[in-house]
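Down below is the structure, laid out as structure tokens.
Heavy-atom basis, side chains included; hydrogens, waters and symmetry copies ignored.
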Amino acid sequence: MHHSKNRIITIANQKGGVGKTTTAINLATALAAIGEEVLIVDIDPQGNASTGLGIDRKDRGVSAYDLLTQNATVAETVRQTAVPHLSIIPSTMDLLGVEMEISGMSDRVFKLKKALQGDDAKHYDYVLIDCPPSLNLLTMNAMAAAHSILVPLQCEFFALEGLSQLLETVGQVRDSLNPTLDIQGIVMTMYDARNNLALQVVEDVRSHLGDKVYRTLIPRNVRVSEAPSYGKPAILYDLKCAGSQAYLQLASEVIQRERNRKAA
């Protein structure tokens with residue numbers, strides 16, 4: 001079931017520790033598990049998505065850095081992961097210097113978009129971009145390249161504050177760089193059903209953003225946080241755990257939203 005056009009989804013939140021990379025890895029794995037061809041582009045210099053998918057630092061010769069500096073193509077940077085149908089363009093620490101290198105160029109915000117427009121990116125059904133936890137030039141590149149944005153949001157008291165800044169940035173990107181950019185959805189992460197505050201936060205966010213918030217809640221889950229140290233997505237490490245099941249559910253919501261969008 002190949003579509004003429006892949007869907008590029010940027011996973012962004014300028015706050016760290018909200019479950020961004022975990023969401024990128026497990027959503028990608030869940031989509032791959034149902035037969036979609038998926039590519040993760042890891043543009044976070046910390047490279048947690050690359051590590052969490054078992055790509056050894058020694059095997060990251062050509063990376064997202066080379067993609068952004070136009071020294072390599074998608075085909076030259078891509079690595080197959082241990083998950084069938086799931087590939088990754090790994091991150092290296094070189095990305096820390098990429099802003100300085102491209103900041104003087106007129107197309108500095110469109111480097112990733114250009115790289116992902118080549119034929120070698122076309123055969124993926126989904127391209128998920130994992131961003132650094134800041135609204136810097138790397139994240140701007142990811143937003144300029146994307147069809148939509150998926151925002152992981154931790155169930156905590158100040159959730160809405162950080163979100164409003166991000167939504168404002170998305171609005172600016174839409175106005176100036178990428179007029180068709182939309183919000184795929186907001187996923188509430190690190191949810192603890194025994195915690196009254198968590199319930200309150202979810203209700204709060206839903207009352208502000210309605211349907212933009214996915215129904216799926218990603219629970220706090222020990223197995224999910226253990227998985228990366230084994231270089232495996234939680235879904236491979238322990239399919240039965242609550243966290244893995246939640247990410248499978250999230251994947252079906254993402255696909256349903258894409259279907260509705262196509263139908264519209």
Side-chain angles (χ1 to χ4, degrees), residues 1 3 7-13 15 17-36 38 40 86 125-131 146-164 166-167 170 181-225 227 233-264:
M1 43 173 279
H3 330 298
R7 291 301 288 173
I8 302 174
I9 301 176
T10 284
I11 299 176
N13 190 328
K15 201 171 166 310
V18 295
K20 194 171 46 64
T21 299
T22 307
T23 297
I25 291 175
N26 287 294
L27 176 57
T29 301
L31 289 167
I34 54 178
E36 303 279 356
V38 186
I40 290 184
L86 175 57
D125 299 308
Y126 287 92
V127 177
L128 303 185
I129 306 173
D130 190 29
C131 294
H147 297 111
S148 63
I149 296 210
L150 191 155
V151 185
L153 198 64
Q154 190 178 347
C155 290
E156 57 167 16
F157 185 61
F158 294 113
L160 275 166
E161 267 180 38
L163 184 64
S164 61
L166 181 67
L167 295 178
V170 171
L181 185 67
D182 70 0
I183 303 270
Q184 218 295 339
I186 292 156
V187 59
M188 305 300 296
T189 61
M190 305 183 183
Y191 176 73
D192 179 355
R194 295 162 310 197
N195 180 336
N196 287 329
L197 173 65
L199 289 165
Q200 187 57 56
V201 170
V202 171
E203 277 180 20
D204 228 20
V205 173
R206 284 208 169 123
S207 71
H208 279 80
L209 293 151
D211 287 347
K212 283 287 175 215
V213 186
Y214 298 103
R215 288 188 303 279
T216 304
L217 300 169
I218 309 293
R220 272 194 188 282
N221 191 268
V222 176
R223 304 293 281 169
V224 169
S225 45
I235 289 174
L236 278 192
Y237 178 64
D238 183 355
L239 177 63
K240 296 276 191 285
C241 76
S244 295
Q245 291 298 312
Y247 278 114
L248 290 169
Q249 239 180 312
L250 177 64
S252 68
E253 271 196 84
V254 167
I255 287 175
Q256 193 54 56
R257 288 189 181 199
E258 289 300 333
R259 281 197 190 123
N260 296 348
R261 186 192 53 79
K262 267 214 212 67

Value rounded to 0.5 Å, distance of [atom1] in [X] from [atom2] in [Y]:
| X | Y | atom1 | atom2 | answer |
| --- | --- | --- | --- | --- |
| I34 | S252 | CD1 | OG | 7.5 Å |
| L166 | I183 | CG | CD1 | 6.5 Å |
| S244 | L239 | OG | CG | 6.0 Å |
| R7 | Y126 | CZ | OH | 8.0 Å |
| K212 | R206 | NZ | CZ | 14.5 Å |
| Q249 | L217 | CD | CG | 9.0 Å |

Ignoring hydrogens, what is the shortest heavy-atom contact between [X] and [Y]? Give both atom names and the distance.
| X | Y | result |
| --- | --- | --- |
| A30 | I235 | CB-CD1, 3.8 Å |
| T216 | A246 | CG2-O, 3.2 Å |
| C241 | V224 | SG-CG2, 4.3 Å |
| G243 | N221 | N-ND2, 3.4 Å |
| L128 | A24 | CD1-O, 3.8 Å |

Intermediate values then yes/no, salt bridge (charged side-chain N to carboxylate O under 4.0 Å, His left out), D130 and K20: CA-CA 7 Å; D130 190 29; K20 194 171 46 64; 3.3 Å; yes
Report yes or no: does N26 contribute a side-chain atom to a donor-acceptor pair with the main-chain N or O of A234 at less than 3.5 Å? yes
Take L181 and I149 through the test side-chain contact (heavy atoms from CB on, under 4.5 Å) and record every step on the way to the result. CA-CA 7 Å; L181 185 67; I149 296 210; 3.7 Å; yes
Residue among N13, V18, I218 satisfying side chain to side chain contact (heavy atoms under 4.5 Å, CB included) with L153: N13
Criterion side chain to side chain contact (heavy atoms under 4.5 Å, CB included) against L150, the qualifying member of T10, L27, I186: L27
Verify side-chain contact (heavy atoms from CB on, under 4.5 Å) between I129 and I11, making sure each step is shown before the conclusion. CA-CA 6 Å; I129 306 173; I11 299 176; over 6 Å; no
Pair [X], [Y]: side-chain N/O donor-acceptor within cut-off below 3.5 Å:
| X | Y | answer |
| --- | --- | --- |
| Q154 | T189 | no |
| Y247 | T22 | no |
| Q200 | N196 | no |

Evaluate salt bridge (charged side-chain N to carboxylate O under 4.0 Å, His left out) for E161 paired with K15, printing each intermediate quantity in order. CA-CA 11 Å; E161 267 180 38; K15 201 171 166 310; over 6 Å; no
Between [X] and [Y], is any pair of side-chain heavy atoms under 4.5 Å apart?
| X | Y | answer |
| --- | --- | --- |
| L31 | I255 | yes |
| P219 | D192 | no |
| T23 | L250 | yes |
| Y191 | L199 | yes |
| T29 | L86 | yes |

Residues, nucleotides or ligands: over 12 heavy atoms within 6.0 Å of D211 CG: no
Are there over 12 heavy-atom neighbours, none belonging to H208, within less than 6.0 Å of that residue's NE2? no
Please determine whether salt bridge (charged side-chain N to carboxylate O under 4.0 Å, His left out) holds for the pair R261 and E258, giving the CA-CA distance in whole Å, both sets of side-chain angles, and the decisive distance to 0.1 Å. CA-CA 5 Å; R261 186 192 53 79; E258 289 300 333; 2.9 Å; yes
The test is side-chain contact (heavy atoms from CB on, under 4.5 Å); show your working for Y214 and M188 and say whether it passes. CA-CA 8 Å; Y214 298 103; M188 305 300 296; over 6 Å; no
Apply the test side-chain contact (heavy atoms from CB on, under 4.5 Å) to residues V254 and Q184: give CA-CA distance (whole Å), side-chain angles for both, the deciding distance (0.1 Å), then the verdict. CA-CA 7 Å; V254 167; Q184 218 295 339; 3.7 Å; yes
